[in-house]
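See structure below.
Chain letters run A, B, ... following the sequence lines, proteins first and then strands; every chain starts at 1.
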2 protein chains.
Amino acid sequence: MSLRGRPRAFDPDLALRSAMNLFWERGYEGATLTDLAAVMGINKPSLYAAFGSKEALFRQAVSLYDKAEGRGIELALHAEPRVRDAIAKFLQLNLASYTDPDKPSGCMIVLAAMIGSPENAGTRDYLAAQRAETRNVLRQRLERGVAEGELAEETDCNVIADFYTTVLQGLSIQARDGATREQLRAIAQAAMAGWESMTTEPATHSEA
Amino acid sequence: MSLRGRPRAFDPDLALRSAMNLFWERGYEGATLTDLAAVMGINKPSLYAAFGSKEALFRQAVSLYDKAEGRGIELALHAEPRVRDAIAKFLQLNLASYTDPDKPSGCMIVLAAMIGSPENAGTRDYLAAQRAETRNVLRQRLERGVAEGELAEETDCNVIADFYTTVLQGLSIQARDGATREQLRAIAQAAMAGWESMTTEPATHSEA
DNA sequence: CCTTATTTATACCGAAAGGTACATAAATTA
DNA sequence: TAATTTATGTACCTTTCGGTATAAATAAGG
């Protein structure tokens, strides 16, 4: 497809990455089309031809973010065999991403469109759905811990998933407020301190 | 002062309260002057005469928010005699505010200006300073717990304050994402589950 | 009653927002 | 080489942004 005609003079993947970084830094409403086109190194008509609209560009940027920043972390969550280690690793990898000096601080999914004008409610809902998905991934990992006999049957995976999701989202704000990686690590460690109190190991079969 | 001249036809306190609610709902950049003037029941020139500018209005709205939503909660933090109870109460009162059905959900200080265009960096810094202040209030309450012999001298009050600040900020996002008061309560309870692991009671004097 | 001081409402300003028309440039197909 | 297709750059569109000039309205002071 599109073999005829003048070839495009830019790499859409690279341009999208630049757009992602600006959305990540300034948020959906804070990144203007003029700014976006500038960092992408293209003109607005090229932007529209390649990505459709500001909102369409944003969603593609979110997909790229999810792939570039989230995928590896989610894999680690599943790869870690013990559920407690998996959660701790998940926190640690996320906060490492939040404090990467080469990237905007905090999580784009949390920060880029939390609040704003009514006309952009659709964009906010889109990110809210992404956040809900992260929570579900955590919950499923916890439920696997139950299925594998690491956690008691009566473990409330919903609450534990909500708790770590909340901590994770708070960490994004801390990162934006200038917290260092070491500070976030200490916070994550504090969040793990409650693990034994929140969870119960299953009763052994030899007991009543 | 200002006895001469036409008297103003609106109550500045009521108007400011309306402005606060819109800023709380939509954020600094998401609330336009036209919208603000509309909910305040006045025209833009009246708004400027009474409040100065959009940013000045916002800061006054933040002050009002701090007074209306924060003051009582901070008092409770100090009034509660035992430090663990004080922190738990602080979380509980905040999450009750975040889920008041008559008000926008979540905390205005956390949500109203997290990200945006470079020209509003001053407003974001202003809110960041407010957030830092909340953290300091928590830390001071923890240090009082040390001073009063409830917590060991080596307790890291900075980390514990950072942790509960993080949870609190995460709770604002949860509230905006539609979490119920009961869900937030369960999350706060989970956050308190780590208390004993994070803190140590001081050694008794009769010990070595 | 007339001046002075202040608020009100309307109507407007320049700048910037998201988005696009249009003419030109560069490739393939015929 | 001519026709066709797609991308590019400039210049522009409409709307809305934060903010204001101006004149009428309403009070107190003289």
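- The closest donor-acceptor contact from the side chain of B/Asn21 to the backbone of B/Arg17 lies under 3.5 Å.
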For A/Glu150 and A/Arg144: C-alpha separation, side-chain torsions, deciding distance, then whether salt bridge (Lys or Arg N to Asp or Glu O under 4.0 Å) applies.
CA-CA 9 Å; A/Glu150 282 195 273; A/Arg144 194 186 120 194; over 6 Å; no
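- In this structure, B/Ala9 reaches the sugar-phosphate backbone alone: every heavy-atom distance under 4.0 Å involves primed, P, OP1 or OP2 atoms, never a base.
- Regarding A/Ile42, its CD1 atom lies at a distance of 18 Å from the P atom of D/dT6, rounded to whole Å.
- In terms of position along DNA chain C, the nucleotide closest to B/Ala49 lies nearer the 5' end than the nucleotide closest to the other residue of the pair B/Ala49 and A/Glu55.
- As a whole-Å value, the separation of A/Met40 CE from D/dG9 C1' is 16 Å.
- Here the OH atom belonging to B/Tyr164 is positioned 12.5 Å from the CZ atom belonging to B/Phe90, to the nearest 0.5 angstrom.
- Separating the CG atom of B/Asn120 from the C1' atom of C/dA16 is a distance of 13 Å, rounded to the nearest angstrom.
- Taken over five-pair windows at either terminus, the axes of the helix from C/dC1-D/dG30 to C/dA30-D/dT1 are inclined to one another by 10° (rounded to 10 degrees).
- When only modelled atom types and interatomic distance are considered, A/Asn43 and A/Ser46 share no side-chain donor-acceptor pair under 3.5 Å.
- Residues B/Met114 and A/Arg176 meet the side-chain proximity criterion, which asks for heavy atoms closer than 4.5 Å.
- Note on B/Ser46: every side-chain N or O is 4.0 Å or more away from OP1 and OP2 of C/dT7.
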Could you go through nucleotides 14-18 of chain D and list every protein N or O atom that sits under 3.5 Å from one of its N or O atoms, giving the distance for each pair?
unit_1, atom_1, unit_2, atom_2, d
D/dG18, OP1, B/Lys54, NZ, 2.6
D/dG18, OP2, B/Leu33, N, 2.7

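- In this structure a side-chain-to-backbone donor-acceptor pair under 3.5 Å is missing from B/Trp24 to B/Leu111.
- What separates CG of A/Leu47 from P of D/dT6 is a distance of 19 Å, to the nearest Å.
- Using a cut-off of 4.0 Å between Lys/Arg side-chain N and Asp/Glu carboxylate O, A/Glu182 and A/Arg185 are scored as salt-bridged.
- Between the CD atom of B/Glu119 and the P atom of D/dG19 there is a distance of 9 Å, given to the nearest Å.
- Counting heavy-atom neighbours within 6.0 Å of A/Glu153 CD, excluding the residue itself, gives a total of 12 or less.
- Under the ring-ring contact (aromatic ring centres under 6.0 Å, His included) rule, B/Phe58 has a single partner from B/Tyr65, B/Tyr28, B/Tyr126, which is B/Tyr28.
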Sugar-phosphate means primed atoms, P, OP1 and OP2; the rest is base. With that split, encode nucleotides 22-30 of chain D 5' to 3' as B, S or - using protein heavy atoms under 4.0 Å.
---BBBSS-
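- A 4.5 Å side-chain heavy-atom check between B/Lys54 and B/Phe23 finds at least one atom pair inside the cut-off.
- Residues B/Phe10 and A/Ser53 both approach DNA chain C. Their nearest nucleotides, taken by heavy-atom distance, put B/Phe10 toward the 5′ side.
- With hydrogens and angles left out, the side-chain atoms of A/Arg181 and A/Thr99 include a donor and acceptor closer than 3.5 Å.
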